[in-house]
Amino acid sequence: MADRYTIRLANCAFFARHGVHDEEEFLGQRFFVDAELEVDPGDALETDNIEGTVHYGIAFQVIEEIVTGKRRYLIEALAMDVAKALCARFAQIRVARITVRKPSAAVPGVLDHVEVTVVHRA
């Protein structure tokens, strides 16, 4: 029996209004989220029962609710809120590693995106 397994939701895209600058709230932009979830399998791998694991569709909805909800100044805070919400919703999650990418960061230069990763242990 496996100790844990990993579920990844990659490059989830949402339109939101996070950031320190007023223009970021006014204009908004796309944010991208990766969720890597270390899951306690219980008997889900043996019983093939979705009730014993993390339902991807519901996990996506949890992420969407946080990202498109209230404005955060820091994407670090946004990532931590996503991690905590996922752990609260799914008791099977032992570790949530959340990455938030902000392509149009207010940086005086050319870059692909700014990215932050937080790790939350349930």
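With sequence neighbours excluded, the residues satisfying side-chain contact (heavy atoms from CB on, under 4.5 Å) with Glu38 are Arg4, Thr6, Val95, Arg97. Looking at residues two or more places apart in sequence or on another chain, you find a side-chain contact (heavy atoms from CB on, under 4.5 Å) between Ala122 and Cys87. By the side-chain contact (heavy atoms from CB on, under 4.5 Å) test, Ala79 pairs with Ile98, Val100, Val118, sequence neighbours left out. Here Glu65 pairs with nothing under the side-chain contact (heavy atoms from CB on, under 4.5 Å) rule; sequence neighbours left out.
With rounding to the nearest 0.5 Å, the separation of NZ in Lys102 from CG in Leu74 is 9.0 Å. Rounded to the nearest 0.5 angstrom, Tyr73 OH and Leu78 CG are separated by 14.0 Å. The CZ atom of Phe32 lies 12.0 Å from the CD atom of Glu115; values are rounded to the nearest 0.5 Å. A distance of 8.0 Å separates CG in Leu9 from CG in Leu86, rounded to the nearest 0.5 Å. Remark: Asp81 CG to His120 NE2 distance equals 10.5 Å, nearest 0.5 Å. In this structure, Thr68 OG1 and Phe15 CZ are separated by 11.5 Å, a value rounded to the nearest 0.5 Å.
For the side chain to side chain donor-acceptor pair (under 3.5 Å) condition, the pairs that include at least one residue of residues 49-64, sequence neighbours left out, are Tyr5-Thr53. Annotation: side chain to side chain donor-acceptor pair (under 3.5 Å) contacts involving residues 84-94, sequence neighbours excluded, comprise Asp40-Arg94.
By the rule that hydrophobic residues join a cluster once side-chain heavy atoms approach within less than 4.5 Å of another member, Ile50 and Phe60 end up as members of separate clusters. The hydrophobic clustering, which links ILVMFWY residues whose side-chain heavy atoms are closer than 4.5 Å, places Ile93 and Val119 apart.
Within the 4.5 Å cutoff, the side chain of Asp34 has heavy atoms near those of the Arg101 side chain. For the pair Val39/Phe90, no side-chain contact is recorded, criterion being any heavy-atom separation below 4.5 Å from C-beta on. Here the side chains of Val33 and Thr99 are not in contact, with every heavy-atom distance at 4.5 Å or above.
Enclosure of atom CG in Asp48 is not indicated, since only 12 or fewer non-hydrogen atoms of other residues, nucleotides or ligands lie within 6.0 angstrom.
The nearest pair of heavy atoms linking Pro103 to Leu111 is O-CD1, 4.5 Å. Residue Val54 comes nearest to Ala59 through the heavy atom pair CG1-CB, 4.0 Å, listed as atom of the first residue, atom of the second, then distance. For the residue pair Ile66 and Arg72, the shortest heavy atom distance occurs at O-NH1, 3.0 Å.
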